[in-house]
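Okay, so here's the structure we're looking at.
Each chain gets a letter, A, B and so on, in the order its sequence line appears, and its residues count up from 1.
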Number of protein chains: 2
Amino acid sequence: MLQAFDDSYFMKKALEEAQRAYERDEIPVGAVIVHQQNIIGRAHNLTELLNDVTAHAEMQAITAAANYLGGKYLRDCTMYVTLEPCQMCAGALYWSQLSKLVIAAPDKNRGFKAMGAKLHPKTKVIEGLMEEEAARLLKSFFIEKRNLN
Amino acid sequence: MLQAFDDSYFMKKALEEAQRAYERDEIPVGAVIVHQQNIIGRAHNLTELLNDVTAHAEMQAITAAANYLGGKYLRDCTMYVTLEPCQMCAGALYWSQLSKLVIAAPDKNRGFKAMGAKLHPKTKVIEGLMEEEAARLLKSFFIEKRNLN
């Protein structure tokens, strides 16, 4: 199949979502879910605005994508996410049986790998795509926060 | 403080939620969240009905409780849940900094402990309260499912 869009194209879309989170004073993380070259879920972190620890970008994107597909499994889908998912999001991705996960920046403290959580064995993982852009946005956010306090 | 209701009282409420899931043909798991002797979140598993892997009882109860409290932390709250939380739900509870978690039945395969995920270090855990009742409901559900297929 001709691939009109590549991984970088979709990661840019996830970074646009992260930028939207930044502008709303949320930790800047964005995610998109792609099925047959179409974005079927897109979201950014909204934990502060919604006062809800479950409102991570990935969780909202999973719900949106499953709603679009009319089924709870994301077996032929790829998620592009700007920061390594936490245990909660990895756990949701585990249940969804996601095919492929593309991560920009690692989260060495609270990422699912450091915490010990697991993705589904069928999920293929690619790490470090546009890591610098994602990490730069996170760094700016935390520097700004520190300077305001 | 006089405790009008004890752990068993609230676990019974969680079991009532699990029974509601059973009646809707969902894997029977229920959860309630209690703050100062009041139930501020109650939910049952709705993954099939909503086609959404994130619709576990615990996740919905966390969102409801945070909404009630107007803040995302559940620091002075107890969750009563009829089955050991999975990685996703343990991950959400980690972020919420829940004070106390009371679990009825263990989940030896997909529970957060078997999968390697972690609760918040401040969360006190009590296991096995009304385990038989919770396990019996789950067993009935799966026997019924097997006989129908």
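Residues of residues 44-53 of chain A placed with any heavy atom under 4.5 Å of a heavy atom in chain B are listed by number as Thr47(A), Glu48(A), Asn51(A), Asp52(A), Val53(A). The interface of residues 102-111 of chain B with chain A, defined by heavy-atom distances below 4.5 Å, comprises Arg110(B). By a heavy-atom distance cut of under 4.5 Å, Met59(B), Ile62(B), Thr63(B), Ala66(B), Gly70(B), Gly71(B) are the residues of residues 59-71 of chain B near chain A, going up by number. Contact annotation for residues 114-126 of chain A against chain B (heavy-atom separation below 4.5 Å, listed by residue number): Met115(A), Gly116(A), Ala117(A), Lys118(A).
For the pair Tyr94(B)/Met88(A), no side-chain contact is recorded, criterion being any heavy-atom separation below 4.5 Å from C-beta on. With a 4.5 Å cut-off on side-chain heavy atoms, His56(A) and Trp95(B) count as touching.
Enclosure of atom CD in Glu132(B) is not indicated, since only 12 or fewer non-hydrogen atoms of other residues, nucleotides or ligands lie within 6.0 angstrom.
For the set Ala92(B), Ser96(B), Ala90(B), the entry with the most heavy-atom pairs within less than 4.5 Å of chain A is Ala92(B).
Cluster annotation: Leu83(A) and Phe112(A) are assigned to the same hydrophobic cluster (Ile/Leu/Val/Met/Phe/Trp/Tyr, side-chain heavy-atom contacts under 4.5 Å, transitive). The hydrophobic cluster containing Leu74(A) does not contain Ile39(A), counting ILVMFWY residues as joined when their side-chain heavy atoms lie under 4.5 angstrom apart, directly or transitively. Under the 4.5 Å side-chain contact rule for hydrophobic residues, Met130(A) and Phe5(A) share a cluster. Residues Leu101(A) and Ile40(A) share a single hydrophobic cluster, defined by chaining ILVMFWY side chains whose heavy atoms lie under 4.5 Å apart. Residues Tyr22(B) and Val81(B) share a single hydrophobic cluster, defined by chaining ILVMFWY side chains whose heavy atoms lie under 4.5 Å apart.
Rounding to the nearest 0.5 Å gives a distance of 11.5 Å between CD of Gln87(B) and SG of Cys89(A).
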